[in-house]
Asker: 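Sending over a structure as structure tokens; questions will come in a sec.
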Amino acid sequence: MIVKPDVFWLGLVASQGKLVRVCLSYSEESTRENLGIKRSEKASTSSLLQSLRWDLADYWKGKRVDFSKYSLELASYSSFSKKVWAQTRLIPYGEVRSYKWVAERIGSKGFQAVGKALGNNPFPIIVPCHRVIKEDGELGGFSSGLGIKRKLLKIEGFLND
DNA sequence: ATAGTTGTACCGA
DNA sequence: TCGGTACAACTAT
């Protein structure tokens, strides 16, 4: 399913009651390409996606939405990545932590590897990798574009404007 | 084996 | 404060 809650597009894929992938992008085309969703496909009737869609709409309005009820399809990922994402999901709405904090919490010194795992995050927003920034307060990177990271942090009230 | 990360710390100017 | 650089753990090739 593809929705456009703001200036960017959001592609959502679910299967068997679990979220498989989320894609954030500035263009509808790249979202479709990324997820392999054809224009001809009908809107999903999956209740999971319907629910997620409303939650995301609320989220964009600035409502404090809790995405932790959604289960993720993680079978094909490394245990390190799973740990990083699980830890990242624990960061509360509107707060941020550093890559180092995440690494320490999962018993690793590889803070840069944390960045890499977050870069591979298949569930942006649901796994709030935008809440992970550098130790010195800089934003760090974001695979879907730093502008989107900034936007998300603004929605959550962490950044102004 | 090697190169490339969404990083951190330390040093010198 | 800024730039260079050494280093860290992990992934992908």
Side-chain angles (χ1 to χ4, degrees), chain A residues 2-15 18-37 52 55-56 58-60 62-161:
Chain A
I2 298 214
V3 292
K4 187 172 188 295
D6 196 89
V7 294
F8 27 77
W9 295 80
L10 207 46
L12 310 169
V13 181
S15 164
K18 289 183 177 182
L19 201 52
V20 173
R21 203 160 143 49
V22 174
C23 173
L24 258 182
S25 159
Y26 284 111
S27 90
E28 176 176 12
E29 266 325 294
S30 71
T31 304
R32 290 191 184 282
E33 234 170 81
N34 247 309
L35 301 178
I37 299 179
L52 181 55
D55 274 350
L56 285 168
D58 282 344
Y59 177 80
W60 247 268
K63 206 169 151 190
R64 190 183 180 112
V65 179
D66 173 21
F67 293 106
S68 62
K69 65 177 172 182
Y70 294 99
S71 54
L72 310 177
E73 178 52 62
L74 295 170
S76 61
Y77 301 102
S78 73
S79 70
F80 178 80
S81 296
K82 281 186 272 200
K83 273 190 241 165
V84 170
W85 299 334
Q87 186 63 45
T88 302
R89 291 188 91 184
L90 301 180
I91 303 172
Y93 183 97
E95 296 184 28
V96 299
R97 298 290 185 274
S98 69
Y99 297 96
K100 185 181 173 184
W101 179 90
V102 175
E104 281 170 355
R105 279 311 201 79
I106 64 172
S108 164
K109 291 179 191 161
F111 28 72
Q112 196 158 16
V114 168
K116 175 133 193 174
L118 290 175
N120 293 334
N121 174 20
F123 314 100
I125 302 180
I126 315 307
V127 172
C129 56
H130 56 281
R131 295 182 195 144
V132 185
I133 66 174
K134 297 216 275 184
E135 184 80 356
D136 64 5
E138 303 263 311
L139 284 191
F142 198 65
S143 62
S144 323
L146 257 186
I148 294 183
K149 184 170 189 169
R150 254 186 231 108
K151 170 78 182 177
L152 296 176
L153 289 171
K154 281 174 193 170
I155 288 174
E156 300 191 5
F158 179 75
L159 290 177
N160 298 317
D161 289 3

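Just so it is clear: chains get the letters A, B, ... in the order the sequence lines come, proteins before strands, and each one is counted from 1. Below, each value reflects all heavy atoms present in this structure, side chains not excepted, and no hydrogens, waters or symmetry copies.
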Asker: Pick base, sugar-phosphate or nothing for A/Gly110, based on heavy-atom distances below 4.0 Å to the nucleic acid.
Answerer: sugar-phosphate

Asker: Output yes when at least one side-chain N/O atom of A/Ser78 is less than 4.0 Å from OP1 or OP2 of C/dT11, else no.
Answerer: yes

Asker: Is DNA chain C part of any stem, that is, at least 3 consecutive Watson-Crick or G-U pairs with both distances under 3.5 Å, and where?
Answerer: B:1-5 with C:9-13, B:7-13 with C:1-7

Asker: Mind checking A/Ser108 for me? I need base, sugar-phosphate or nothing, with any heavy atom below 4.0 Å counting as a touch.
Answerer: sugar-phosphate

Asker: Among the nucleotides C/dA9, B/dT6, B/dT8, which one has an atom lying closest to any side-chain atom of A/Lys149?
Answerer: B/dT6

Asker: Let's see if you can work this out: which of B/dT8, C/dA8, B/dT6 has an atom nearest to the side-chain heavy atoms of A/Phe111?
Answerer: B/dT8

Asker: Is A/Lys100 near enough to B/dA9 that one of its side-chain N or O atoms lies under 4.0 angstrom from OP1 or OP2?
Answerer: yes

Asker: Compare the minimum distances between each of C/dT11, B/dA9, B/dT6 and the side chain of A/Lys116, then state the nucleotide with the smallest one.
Answerer: C/dT11

Asker: Would you mind reading off the distance between A/Ile133 atom CD1 and B/dT8 atom C1', rounded to a whole angstrom?
Answerer: 14 Å

Asker: Just the rounded figure in Å: distance from P of C/dT1 to CD of A/Glu138.
Answerer: 12 Å

Asker: Would you kindly give the CG-to-P distance between A/Leu146 and B/dT5, to the nearest whole Å?
Answerer: 15 Å

Asker: Just checking, is any N or O donor in the side chain of A/Tyr77 or A/Asn120 under 3.5 Å from an acceptor N or O on the other one?
Answerer: no

Asker: Figure out the OH/C1' separation between A/Tyr99 and C/dA9, and round it to whole Å.
Answerer: 16 Å

Asker: Heavy atoms from C-beta onward define the side chain here; which of C/dC10, B/dA9, B/dT6 lies closest to that of A/Glu135?
Answerer: B/dA9

Asker: Under 4.0 Å, heavy atoms only, any strand: does A/Phe80 hit a base, just the sugar-phosphate, or nothing?
Answerer: sugar-phosphate

